[in-house]
**Q** 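Provided herewith is a single structure, encoded as structure tokens, for subsequent inquiry.
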Amino acid sequence: MPQNFETIRIPAGEQHKNIRTCESIWSQMMNLNLSRRALCINLGGGVIGDMGGFCASTFKRGMDFIQIPTTLLAQVDASIGGKLGIDFRQVKNSIGVFRNPQMVVVNPIFLNTLPASEIRSGFAEIIKHSLIMDAEEWSRVKEITNLEAVDWPDFIVPSLNIKQSVVEQDPFEKGLRKALNFGHTIGHAIEGYALETDHPLLHGEAIAIGMVCEGYLSHINGLLGERELMVVVDFIKNTYDYWPIPIEVADELIALMKNDKKNRGAEINCSYLKEIGRVAVDQTADTDQIIQSFHFYNEMVRESFV
Ligand SMILES: NC(=O)c1ccc[n+]([C@@H]2O[C@H](COP(=O)([O-])OP(=O)(O)OC[C@H]3O[C@@H](n4cnc5c(N)ncnc54)[C@H](O)[C@@H]3O)[C@@H](O)[C@H]2O)c1
């Protein structure tokens, strides 16, 4: 434990993952006279990890940092892979850098105090990791019916290993790493939009919606089979609340997708499931099909709430 440390606290929530909070963090670092030989320890969820890592990486051209993720989502996903950054003008993670921490410390004890909604949010990335890379793991994941009864280390370790293996093979997202974006093209747009409304969604809740929509797009583009799609959809609708996608703002959602950093030119880039455990990256999503996928989500998922 370092003898000489100072604490910088920031308010919780995605709405604070922005340049204003960074300014406050950099100012406090400056007031503490930190040099680039200081070490920044990011203790918190994905927001702290992404933004703390970004501030550490840019302050005086970059100091070392350690991630101590305290949410399920950050333990299986956000703390691994060196993507750091903040949201800008409703576009998620649109300003940032790639830089790896000196160390990531994952301790499931933090989950004891994590609200059930945050556990459910993190679980979305566990679902995604199994769907994109490991059919056997998916067959274990889809048996989970009660999130309160799960022995999390049993699922955290395989999940973070999937992420780690992908990012090691493709650290700068030239190919394979794009598989991790399954559910995120539509999910990020929905998350960015919802953030500005009275009913914001947690990251994983938005990604769960994105996985239904992008699963549907995978199917109608001749990849994922209907039976597999419906198993995924049923599992997600049994696990997550229904958040009706407002069709009247479809154009706004599509505009957000067009701003996604994964795109080339004006095309919307997506990763589709070929089958459970295999992904087709660099797919171009057609805007009419995206709107169709919103209707699919609304109809499929509403059924279980009427
Ligand atoms: N860098 C990446 O590769 C990557 C990957 C996935 C997600 N993300 C980002 O991660 C963020 C979401 O992370 P998150 O879901 O951890 O959200 P979060 O960081 O907002 O944390 C969720 C809430 O839980 C609280 N909290 C944290 N740890 C707690 C604990 N142990 N007990 C009780 N409360 C606790 C936080 O204060 C906050 O209110 C998004 O900004 C997303 O873009 C990044």
Side-chain angles (χ1 to χ4, degrees), residues 90-92 121 124-125 127-128 130-132 138 142 178-195 197 199-306:
Q90 264 188 304
V91 183
K92 286 271 309 160
S121 173
E125 301 289 6
I127 297 173
K128 181 199 75 182
S130 68
L131 285 177
I132 61 170
W138 164 244
K142 75 178 166 49
K178 295 180 188 172
L180 296 167
N181 295 329
F182 172 62
H184 283 60
T185 300
I186 294 180
H188 270 164
I190 287 177
E191 184 184 4
Y193 168 80
L195 204 59
T197 70
H199 302 284
L201 287 167
L202 297 178
H203 179 73
E205 293 172 333
I207 297 314
I209 300 171
M211 286 193 286
V212 171
C213 294
E214 293 178 27
Y216 173 78
L217 293 175
S218 309
H219 171 63
I220 62 171
N221 284 288
L223 298 169
L224 186 67
E226 186 174 2
R227 207 171 53 84
E228 288 183 309
L229 168 68
M230 291 319 295
V231 173
V232 175
V233 171
D234 281 342
F235 185 70
I236 289 179
K237 78 181 186 191
N238 290 333
T239 309
Y240 294 90
D241 293 338
Y242 173 46
W243 186 88
I245 302 176
I247 302 295
E248 66 281 7
V249 301
D251 287 347
E252 199 179 322
L253 292 170
I254 286 168
L256 287 171
M257 286 172 220
K258 287 192 168 159
N259 244 316
D260 194 296
K261 57 199 169 315
K262 300 186 288 295
N263 299 336
R264 261 191 232 153
E267 288 182 341
I268 298 174
N269 186 291
C270 265
S271 298
Y272 290 158
L273 287 183
K274 285 185 189 160
E275 60 182 17
I276 304 295
R278 287 179 64 222
V279 181
V281 300
D282 281 334
Q283 303 296 302
T284 300
D286 170 272
T287 51
D288 289 340
Q289 285 191 352
I290 292 175
I291 295 173
Q292 223 178 301
S293 81
F294 294 165
H295 287 288
F296 172 79
Y297 168 85
N298 282 349
E299 279 157 30
M300 275 302 155
V301 183
R302 181 174 42 218
E303 271 174 18
S304 50
F305 287 85
V306 287

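For reference, positions follow the sequence shown, starting with 1. Quick caveat: nothing in here was measured; it's all calculated off a predicted structure.
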**Q** Just do the side-chain contact (heavy atoms from CB on, under 4.5 Å) check on I190 and L253 with the steps written out, would you?
**A** CA-CA 7 Å; I190 287 177; L253 292 170; 4.3 Å; yes
**Q** How long is the straight-line distance from CG of D251 back to CG of L256, given to the nearest 0.5 Å?
**A**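 The distance works out to 11.0 Å.
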**Q** Taking all heavy atoms of A280 and all of L223, pick out the closest pair and write down the distance.
**A**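 Closest approach of A280 to L223, heavy atoms only: CB-CD1, 4.1 Å.
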**Q** Could you point out which residue of N238, T239, V232 forms a side-chain contact (heavy atoms from CB on, under 4.5 Å) with F235?
**A**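 The residue from N238, T239, V232 that satisfies side-chain contact (heavy atoms from CB on, under 4.5 Å) with F235 turns out to be T239.
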**Q** Sort and list the pairs that fulfil side-chain hydrogen bond (donor to acceptor under 3.5 Å, both in side chains) and have at least one residue in residues 214-223, not counting sequence neighbours.
**A**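 Passing the test, one end in residues 214-223: Y216-Q292, N221-Q289.
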**Q** Looking at every heavy atom in both M257 and I268, which two are closest together, and how far apart are they?
**A**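 Smallest heavy-atom distance, with atoms named: CB-CD1, 3.9 Å.
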**Q** Identify the heavy atoms of L131 and L273 that sit nearest to each other, and give their distance.
**A**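 Scanning both residues, the minimum pair turns out to be O-CD2, 3.6 Å.
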**Q** Nearest 0.5 angstrom please: I220 CD1 to Y272 OH, how far?
**A**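 Result: 7.5 Å between the selected atoms.
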**Q** Would you say the side-chain atoms of S271 pair up with the backbone N or O of K178, donor to acceptor, closer than 3.5 Å?
**A**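 It does hold such a pair.
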**Q** Has the side chain of Q283 got a donor or acceptor atom that lies under 3.5 Å from a matching backbone atom of V281?
**A**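 Checking the backbone N and O of V281 against the side chain of Q283, a donor-acceptor pair under 3.5 Å is found.
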**Q** Give a yes or no answer on whether the side chain of N298 reaches the backbone of I245 with a donor-acceptor pair at less than 3.5 Å.
**A**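 Present.
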**Q** Report the distance from atom NZ of K92 to atom NE2 of H184, rounding to the nearest 0.5 Å.
**A**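 Output value for this atom pair is 8.5 Å.
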**Q** Heavy atoms, side chains only, cut-off 4.5 Å: are H188 and H203 in contact?
**A**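 Of all side-chain heavy-atom pairs linking H203 with H188, at least one is under 4.5 Å.
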**Q** Are I290 and L217 close enough that some pair of their side-chain heavy atoms sits under 4.5 Å apart?
**A**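 Yes, side chains in contact.
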**Q** Between CD1 of I209 and OG of S293, what distance do you get to the nearest 0.5 Å?
**A**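 Going from CD1 on I209 over to OG on S293, the span is 11.0 Å.
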**Q** How long is the span from the CD1 atom in I186 to the CG atom in N181, to the nearest 0.5 Å?
**A**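 Spacing of CD1 (I186) from CG (N181) equals 12.5 Å.
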**Q** Are V233 and F296 packed together at the side-chain level, in the sense that at least one heavy-atom pair is separated by less than 4.5 angstrom?
**A**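 Sidechains of F296 and V233: in contact.
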**Q** If you compare all heavy atoms of I254 against all heavy atoms of T287, which two are closest, and at what distance to 0.1 Å?
**A**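 Here I254 and T287 meet closest at CG2-CG2, 3.6 Å.
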**Q** With side chains defined as the heavy atoms from C-beta onward, is the minimum distance between Y242 and R302 less than 4.5 Å?
**A**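 Heavy-atom side-chain distance check passes, below 4.5 Å.
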**Q** Any heavy-atom pair between the side chains of M211 and I207 that's under 4.5 Å?
**A**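 Yes, close enough: below the 4.5 Å cut-off.
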**Q** Of all the heavy-atom pairs spanning A285 and C270, show the shortest one and how long it is.
**A**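 Looking at all heavy atoms of both residues, the closest pair is CB-SG, 3.9 Å.
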**Q** Does a sphere of radius 6.0 Å around CD in E226 hold more than 12 heavy atoms from other residues, nucleotides or ligands, not counting ones at 6.0 Å or beyond?
**A**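 Not buried by this count: 12 neighbours or fewer within 6.0 Å.
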**Q** So which heavy atom on L224 is nearest to which on I276, and how close?
**A**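 The answer is CD1-N, 4.1 Å.
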**Q** Mark yes or no for whether Y240, through its side chain, and A124, through its backbone, hold a donor-acceptor pair below 3.5 Å.
**A**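 Such a contact is found between Y240 side chain and A124 backbone.
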**Q** Is it the case that the side chain of Y297 and the backbone of W243 share a donor-acceptor pair, with hydrogens and angles ignored and the cut-off at 3.5 Å?
**A**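 The answer is yes, because a donor-acceptor pair under 3.5 Å joins these two groups.
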**Q** NZ/K142 to CD1/I127 distance, rounded to the nearest 0.5 angstrom?
**A**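 Rounded to the nearest 0.5 Å, the NZ-CD1 separation comes to 12.5 Å.
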